[in-house]
Amino acid sequence: MNYLSTRGLPTQGSTPRGFSDILLEGLAPDGGLYLPERYPQVDESTLARWRGLAYADLAFEILCLYIGDLPRSDLRVLVDKTYTKEIFGTSEITPLKVLEPGLWLQALSNGPTLAFKDMAMQLLGNLFEHELARRGETLNILGATSGDTGSAAEYAMRGKRGVRVFMLSPIGRMSPFQQAQMFSLQDANIHNLCVEGVFDDCQDIVKAVSNDLDFKRRFRIGTVNSINWARLLAQVVYYFAGYFQATRSNQERVSFAVPSGNFGNVCAGHVARMMGLPIERLIVATNENDVLDEFFRTGAYRVRTSADTHETSSPSMDISKASNFERFVFDLLGHDAAAAARTRQLFGEDVPRRGGFTLTPAEFSRVPEFGFVSGKSTHADRLATIRHTAEHHGITLDPHTADGLKVARSLRRPGETVLVLETALPIKFAATLVEALGREPERPAAFAGIEQLPRRFERIAADAGAVKAFIAEHCTA
Ligand SMILES: *Cc1c(COP(=O)(O)O)cnc(C)c1O
């Protein structure tokens with residue numbers, strides 16, 4: 001399988017790129033995002049064969065369709081050591097809980113950092129270590145986090161050979177639990193940098209450092225952000241796993257409701273649907289930062305400014321633009337050379353120059369063919385949903401999952417089977433849970449007293465120069 005860029009890389013005469021080529025890259029050189037040339041089609045007999053496979057076996061089958069340049073036996077080993085009961089808590093890996101007939105929660109957050117990002121990041125850590133060893137290279141991962149991404153990346157990369165992590169976070173802005181998770185790591189290859197600023201400052205520093213091409217090359221700077229194709233691919237697996245658990249035959253169709261920020265999670269659902277998984281609808285749930293809900297209602301994609309980006313009680317969905325969204329637009333426009341030209345205009349010109357774009361009525365009219373619908377949830381909705389679910393179902397939701405359930409309930413049609421993706425455990429966002437329920441959420445035993453563990457972090461000025469100096473000092477160029 002070869003990969004192309006949403007902005008038309010292959011028509012610029014570059015050599016085809018395989019999975020291993022793009023694994024360690026972020027954006028394509030033309031500024032686009034990588035996608036496979038075509039989506040492998042999963043027919044009836046394949047679905048029948050996959051139903052009943054253990055999670056790791058299913059993951060192996062799906063990954064094999066997209067990874068042509070890694071020995072099968074190596075991939076097998078990497079997948080088997082990633083998706084285990086020891087790491088994800090149950091042998092199902094992503095078990096379902098029923099809320100009421102036809103309405104399910106799919107648990108994606110029983111990995112090491114209690115958020116769904118572990119599902120992909122744990123595999124990425126093993127893939128990176130393998131690929132770097134094969135090439136005889138090392139990589140310094142530089143990232144910015146407001147919480148879940150940073151801890152998922154650090155727990156995936158800790159102790160891995162050939163990889164160092166430099167993770168910037170805004171000082172004092174993460175939840176106490178998230179801070180304890182990250183700062184208690186004692187691994188020598190993990191560096192927590194607490195920036196005297198807000199999340200946008202952290203992101204700006206990452207951009208500034210990455211734009212210094214000489215520094216980037218010299219110190220082999222890489223990223224693990226949500227536009228990485230391997231992360232998206234790993235997430236495709238749990239849509240299949242959820243489908244098989246919720247249905248008895250491959251004639252049934254289900255819908256997924258997905259708490260969304262950067263459009264990574266639900267984009268994986270889109271890929272699963274493009275492959276032929278019988279998905280009826282993909283229900284995009286946003287919080288008050290509703291750039292995606294606005295698009296799916298109107299066809300207008302309007303990037304928010306920092307000042308227009310709200311700090312909400314579902315902070316992992318507080319985004320100003322949805323960085324994976326370009327992938328869907330490229331598919332909507334036809335996934336071909338003409339689509340790439342139009343995508344280049346929309347995301348390469350209109351977004352940076354005019355802050356967004358509006359699709360033509362003809363373009364926008366195709367959205368329903370892709371199953372997408374959307375809705376929005378607010379702080380009050382979130383609290384009400386957490387309360388209602390605790391009272392009526394005895395289940396404690398995290399604020400992001402509550403957004404997903406709220407929107408699922410408001411859009412669900414009679415008879416429609418909906419799986420709401422649970423994206424984090426409530427303990428990560430205890431303050432909001434106390435506000436909703438008047439009590440602290442349950443804490444998994446492995447996390448008892450993590451706030452009391454010794455902490456390892458560096459305080460640093462909101463300045464790219466200071467961050468570069470820190471990196472230079474902590475790795476041998
Ligand atoms: C990252 C995250 C999201 C948003 O996922 P996207 O892939 O960015 O759409 C939602 N909920 C939680 C808990 C997260 O950590």
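Indexing begins at 1, ligand by ligand and atom by atom, following the structure's order. Remember, it's a predicted structure, so these values are computed and weren't measured experimentally.
- Between Phe88 and Tyr55 the shortest side-chain heavy-atom distance does not fall below 4.5 Å.
- No cation-pi contact links Arg366 to Phe364, judged by a cut-off of 6.0 Å to the six-membered ring centre and 45° from its axis.
- Scanning the protein heavy atoms around atom 12 (C) of ligand 1, the nearest turns out to be Thr423 OG1, 3.5 Å.
- At a heavy-atom cutoff of 4.0 Å, ligand 1 is contacted by both the backbone and the side chain of Asn262.
- Although no hydrogens or angles enter the test, the distance criterion places no donor-acceptor pair under 3.5 Å between the side chain of Arg231 and the main chain of Ala120.
- Using a 4.0 Å cut-off to heavy atoms of Asp148, the atoms of ligand 1 that qualify are 12 (C), 13 (C), 14 (C), 15 (O).
- The protein heavy-atom contact nearest to atom 4 (C) of ligand 1 is Gly261 N, 3.6 Å.
- Residue Gly264 has at least one heavy-atom neighbour below 4.0 Å for each of these atoms of ligand 1: 6 (P), 7 (O), 9 (O).
- At distances below 3.5 Å, not a single donor-acceptor pair connects side-chain atoms of Asn287 with backbone N or O atoms of Asp403.
- Interface of Ala424 with ligand 1, defined as ligand atoms under 4.0 Å from a residue heavy atom, comprises 13 (C).
- Of all the atoms in ligand 1, the ones that sit under 4.0 Å from a non-hydrogen atom of Met317 are 10 (C).
- With ring centers used as reference points, Phe177 lies 6.0 Å or more from Phe429.
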Arg382 vs Glu435, test: salt bridge (charged side-chain N to carboxylate O under 4.0 Å, His left out). Steps then yes/no. CA-CA 11 Å; Arg382 210 165 290 139; Glu435 187 180 348; over 6 Å; no
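- By the criterion of a heavy-atom distance under 4.0 Å, the side chain of Phe116, and not its backbone, is placed next to ligand 1.
- Applying the 4.0 Å criterion to heavy atoms of Phe263 picks out, from ligand 1, the atoms 6 (P), 8 (O), 9 (O).
- Every atom of ligand 1 with a heavy atom of Ser260 under 4.0 Å away is listed here by number and element: 9 (O).
- Listed for the Thr247 side chain is a donor-acceptor partner under 3.5 Å among the backbone atoms of Tyr243.
- Atoms of ligand 1 lying under 4.0 Å from at least one heavy atom of Lys117, given by number and element, are 1 (C), 2 (C), 3 (C), 14 (C), 15 (O).
- At distances below 3.5 Å, not a single donor-acceptor pair connects side-chain atoms of Thr401 with backbone N or O atoms of Glu422.
- The protein non-hydrogen atom at the shortest distance from atom 7 (O) of ligand 1 is Asn265 N, 2.9 Å.
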